[in-house]
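FYI, the numbering just counts along the sequence from 1. Start at 1 and go down the list; that is how both ligands and their atoms are numbered.
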Amino acid sequence: MTKRELLAVARRHGTPVVVIDHDAIRRNYASFRRRLPKVQAYYAVKANPAPEIVRTLYKAGASFDVASFPEFMLVHENIKHLPPKERQDFIWDKIIYANPIKPKETLEALDQYKPLIVYDNIDELRKIKRYAPHAGLVLRLRVPNTGSMVELSSKFGCEPGEAVDLILEALRTGLVVEGLSFHVGSQCTNFDNFVQALNIAAAVMREARSRGHEIKILDIGGGFPVPYDSHVKPLADLARKINAEIGRLFAREIEILAEPGRYLVATAAAAIARVIGKAVRDGKTCYYIDDSVYHTYSGIVFDHCQYHVKAFRRGESEISTVFGQTCDGMDCIVQAEQLPKLEIGDLVYSEDIGAYSSASATWFNGFPPAKIVHVNE
Ligand SMILES: *Cc1c(COP(=O)(O)O)cnc(C)c1O
């Protein structure tokens with residue numbers, strides 16, 4: 001979106017405001033599919049759970065990765081022309097429940113949909129057998145996540161050496177393991193993680209086959225990096241590696257899916273805020289804006305993501321600090337940013353803030369989350 005378009009939204013809706021451009025979402029989805037043509041994209045809803053985004057991506061052809069029962073229902077209710085519930089293949093084609101750990105109440109509620117759900121340990125398997133016996137299973141593997149912005153392998157995934165036993169144990173109890181999954185860590189810029197993970201998955205599949213069980217689905221997870229800065233190599237480079245490994249390691253019949261979250265939505269949103277105060281502290285100009293790290297900028301804390309704050313006004317720039325509106329000392333949006341001299345009432349903005357931002361905003365200090373405005377829906 002251009003600066004002029006952003007300004008128009010802020011004038012019309014006030015601040016703080018987040019603008020989500022659905023044309024950008026459709027472009028990101030199309031670029032993902034073009035570069036990874038064998039891979040069906042299951043959008044990881046937790047990155048940004050706006051129902052408008054679910055509907056746009058569904059219309060574009062996407063499927064969905066959910067991680068809680070409310071997310072499952074959010075998708076279920078927003079995908080139109082849903083065939084009858086018995087059409088289990090439709091549910092599997094459109095939704096994977098990818099959180100490996102689930103409370104029993106969630107399993108009970110999910111069972112009627114005969115969902116495709118992920119597990120990674122024996123206790124979870126017993127729970128699924130008891131509370132969601134109609135589910136199809138996907139086993140999550142632990143894979144290297146060196147250098148990813150958000151690491152996940154200490155929390156989820158079975159050791160590759162335990163995988164085949166967990167598959168055979170599921171079969172013994174009457175459940176079927178349809179697929180394998182992994183997640184190389186979010187914002188993965190070390191593409192070797194994907195290469196290693198694909199090789200680990202292929203080895204598990206071979207061993208399962210040699211012990212009599214064919215795996216049909218491979219879920220290569222999320223982690224597809226967003227170009228937050230110029231050091232991030234483009235998706236095209238990663239896709240070339242993934243396509244080569246998939247072609248080399250897996251039979252053509254294996255259905256491949258991925259769970260991109262941030263890649264589809266991060267670049268589709270910008271946040272606009274207003275300068276509500278200024279001060280000079282230790283010789284540095286400090287601005288206070290009407291958003292915070294407890295709100296749209298929560299990705300700074302939870303996602304380890306640093307956003308740039310930019311001004312609409314031009315002028316000679318100086319190193320400045322931008323603080324959020326709350327009374328917490330850690331509510332600093334950026335310590336050192338080149339900004340022109342700003343006045344109270346001026347607007348500032350941050351781009352590429354569509355993932356893990358509004359999604360984790362709170363009401364801390366009594367400030368409501370920023371208004372969300374959808375354009376080009
Ligand atoms: C968060 C998550 C994703 C999305 O990850 P991105 O790095 O945003 O692409 C995908 N799969 C699972 C299981 C997740 O937990």
- [ ] Examine Val309 and Tyr228 and state if one hydrophobic cluster contains both, with Ile, Leu, Val, Met, Phe, Trp and Tyr joined whenever side-chain heavy atoms are less than 4.5 Å apart.
- [x]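 No; Tyr228 is not reachable from Val309 via cluster members.
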Open item on the list: Tell me the protein heavy atom at minimum distance from atom 5 (O) of ligand 1, and give that distance in Å.
Closed with: His183 NE2, 3.0 Å
Using the ring centroid of each side chain, check whether [X] and [Y] are separated by less than 6.0 Å.
X	Y	value
Tyr294	Phe367	no
Phe64	Tyr42	no
Tyr113	Phe72	yes
Phe194	Phe224	yes

Mark the output for [X] as yes if a heavy-atom distance to ligand 1 is under 4.0 Å, and as no if none is.
X	answer
Gly223	yes
Ala67	no
Tyr356	yes

Task: Part of Met149 with heavy atoms under 4.0 Å of ligand 1, whether side chain, backbone, both or neither - done: neither
Task: Residue portion contacting ligand 1 (non-hydrogen atoms closer than 4.0 Å) for Val150 - done: neither
Open item on the list: Tell me whether Lys46 has any N or O atom under 3.5 angstrom from an N or O of ligand 1.
Closed with: yes
Open item on the list: When you compare ligand 1 with Ser186, is there at least one nitrogen or oxygen pair between them that comes in under 3.5 angstrom?
Closed with: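 Between Ser186 and ligand 1 (N or O atoms, distance only) the closest approach is under 3.5 Å.
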Atoms of ligand 1, numbered as shown, that sit under 4.0 Å from any heavy atom of [X]:
X	answer
Ala44	3 (C), 4 (C), 10 (C)
Pro260	9 (O)
Arg262	6 (P), 8 (O), 9 (O)
Glu259	3 (C), 4 (C), 9 (O), 10 (C), 11 (N), 12 (C), 13 (C)
Gly261	4 (C), 6 (P), 8 (O), 9 (O)
Arg140	13 (C)

Task: Glu337 and His308 side chains, donor-acceptor separation under 3.5 Å - done: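 Looking only at side-chain atoms, Glu337 and His308 do form a donor-acceptor pair, the distance falling under 3.5 Å.
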- [ ] Decide whether Gln325 and Asn365 meet the rule of one side-chain donor and one side-chain acceptor closer than 3.5 Å.
- [x]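 No donor-acceptor contact under 3.5 Å links the two side chains.
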Open item on the list: Is the positively charged end of Lys94 above the ring of Tyr58, judged by distance under 6.0 angstrom from the centroid and angle within 45° of the axis?
Closed with: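 So Lys94 doesn't make the cation-pi contact.
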Task: Spatial distance of atom CD1 (Ile79) from atom CD (Glu77) [nearest 0.5 Å] - done: 10.5 Å
